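See below for the structure under consideration.
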Amino acid sequence: TPMRISSRFGWGEYSLANRDKLKASLHDALVAGGLFDDEAQALLNTWELSYFKSAGMRLFFLVPRAWTDYYLPLKISVPAQTTRAMVGRIELVTPEQRSYLKQIADTSTKDIAADAIRMRADYYGQIATDPAELKRVNEGIESLKAYGITVPKSYQSYLALGRFRNALILDEAEKRPTPALDRFIADYHLEGYKPVEVSALNPAR
């Protein structure tokens with residue numbers, strides 16, 4: 001039966017108790033799908049960061065066994081009983097993420113270019129020269145503010161997009177292009193990967 005669920009949640013819903021309820025629900029579903037208790041818990045542990053602690057909105061669902069067997073066939077050389085349980089995940093684009101993308105798209109290209117130059121100069125001039133400091137910043141142990149570095153508003157919007165920020169901004173630039181988005185992608189080197197053509201690897205002689 002089709003369902004409608006609001007894409008907005010109150011701050012009270014982002015609680016440790018609700019996260020624990022979600023994990024318990026997934027655990028029960030995996031066990032009902034045939035996994036042992038410790039197997040289900042091991043899967044949940046591997047998803048702790050990417051599923052339960054990363055920003056974003058995502059939809060979880062149990063993949064039907066028939067789908068799994070059809071698209072991911074498994075053959076074993078000796079007689080054996082197998083149980084396969086899979087959790088699917090769909091990342092949803094929230095109104096907040098749309099707002100962050102619009103903020104970037106509405107920024108002047110002149111400001112984006114100037115901010116990118118300053119960010120590179122501050123980052124590589126003050127942090128990247130010291131491996132220990134670079135490691136602390138990249139691991140989130142230390143913030144840029146500790147070094148007196150101010151992150152531009154457009155780049156703050158980019159970071160707020162979450163772990164799939166590159167895919168979101170590239171998709172936005174393709175569907176709703178603006179000079180600002182093109183400039184942001186170029187200045188921060190976020191271009192999508194382009195496979196090398198066979199003719200380029202084996203030029204005609």
Side-chain angles (χ1 to χ4, degrees), residues 1-74 76 80-105 135-146 151 153-176 190 192:
T1 303
M3 296 178 61
R4 286 185 176 273
I5 300 175
S6 174
S7 62
R8 297 181 183 276
F9 294 91
W11 284 111
E13 297 180 87
Y14 294 95
S15 65
L16 292 177
N18 277 351
R19 188 177 70 190
D20 289 341
K21 288 180 182 178
L22 171 63
K23 292 164 68 174
S25 177
L26 283 172
H27 179 277
D28 291 345
L30 287 168
V31 171
L35 296 188
F36 292 117
D37 181 88
D38 57 347
E39 291 176 324
Q41 188 58 51
L43 279 177
L44 292 174
N45 291 342
T46 64
W47 301 330
E48 183 69 19
L49 179 60
S50 59
Y51 279 22
F52 306 121
K53 291 185 178 180
S54 295
M57 180 181 293
R58 46 195 63 98
L59 172 69
F60 299 110
F61 59 93
L62 268 293
V63 180
R65 174 67 185 265
W67 187 98
T68 302
D69 290 339
Y70 182 82
Y71 287 101
L72 299 170
L74 177 67
I76 299 178
Q81 181 180 352
T82 61
T83 298
R84 309 178 74 188
M86 294 183 65
V87 173
R89 183 192 73 192
I90 298 176
E91 295 286 334
L92 305 175
V93 182
T94 66
E96 289 76 16
Q97 288 172 315
R98 294 290 185 199
S99 176
Y100 291 132
L101 288 168
K102 188 175 187 306
Q103 290 174 22
I104 299 173
K135 185 174 185 292
R136 289 175 61 82
V137 171
N138 288 342
E139 292 180 352
I141 299 173
E142 195 68 84
S143 70
L144 292 175
K145 288 183 178 180
V151 180
K153 186 177 180 180
S154 60
Y155 201 80
Q156 290 180 29
S157 297
Y158 165 72
L159 294 176
L161 289 172
R163 66 189 289 249
F164 294 103
R165 59 180 68 91
N166 285 6
L168 284 168
I169 200 167
L170 290 172
D171 181 72
E172 186 72 8
E174 180 180 354
K175 293 179 178 177
R176 287 170 286 275
L190 306 176

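Quick caveat: nothing in here was measured; it's all calculated off a predicted structure.
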Indicate yes or no: at least one non-hydrogen side-chain atom of V93 is less than 4.5 angstrom from one of D171. no

Spatial distance of atom OG1 (T83) from atom CG (L30) [nearest 0.5 Å]: 12.0 Å

Taking all atoms of both residues into account, what is the closest heavy-atom pair of A80 and I76, and its distance? CB-CD1, 4.2 Å

Are Q97 and R165 side-chain neighbours, meaning at least one heavy-atom pair lies under 4.5 Å? no

Check: K53 and R19 side chains under 4.5 Å, non-hydrogen atoms: yes

Separation between CG of L168 and OH of Y100, rounded to the nearest 0.5 Å: 12.5 Å

Start with the C-alpha gap between L22 and F60, add the side-chain angles, then the distance that decides, and say whether side-chain contact (heavy atoms from CB on, under 4.5 Å) holds. CA-CA 10 Å; L22 171 63; F60 299 110; 3.8 Å; yes

Provide the full list of ring pair (Phe, Tyr, Trp, His ring centres under 6.0 Å) pairs with a residue in residues 25-48, sequence neighbours left out, each pair given once. W47-Y51

With distance as the sole criterion, is a donor-acceptor pair present between the side chains of Q41 and N45 under 3.5 Å? yes

Got L101 and I169 here, is their nearest side-chain heavy-atom distance under 4.5 Å? yes

Do L159 and Y155 come within less than 4.5 Å of each other through their side chains, counting heavy atoms only? yes

Check whether any side-chain heavy atom of Y71 sits under 4.5 Å from a side-chain heavy atom of V63, and report yes or no. no

NZ-CG distance between K23 and D28, expressed to the nearest 0.5 angstrom: 13.5 Å

Inspect the surroundings of CD in E174 and state if more than 12 heavy atoms from other residues, nucleotides or ligands are less than 6.0 Å away. no

Value for CD (Q103) from CD (Q156), rounded to nearest 0.5 Å, stands at 9.5 Å

Which pair of non-hydrogen atoms, one from A85 and one from G33, has the smallest distance, and what is that distance? CB-O, 4.4 Å

For the residue pair V87 and L62, establish whether any side-chain heavy-atom pair is separated by less than 4.5 Å. yes

Roughly how far apart are R89 CZ and L26 CG, rounded to 0.5 Å? 12.0 Å

Measuring from F164:CZ to L170:CG, what's the distance to the nearest 0.5 Å? 13.5 Å

For R58, is there any backbone N or O sitting under 3.5 Å from a side-chain donor or acceptor partner on E91? no

Output yes when K102 and E172 qualify as a salt bridge under the 4.0 Å nitrogen-oxygen rule, no when they do not. no

Is a side-chain N or O of R176 found less than 3.5 angstrom from the main chain of A105, in a donor-acceptor match? no

Under the rule for side chain to side chain contact (heavy atoms under 4.5 Å, CB included), what residues qualify as partners of I90, not counting sequence neighbours? L59, F61, L92

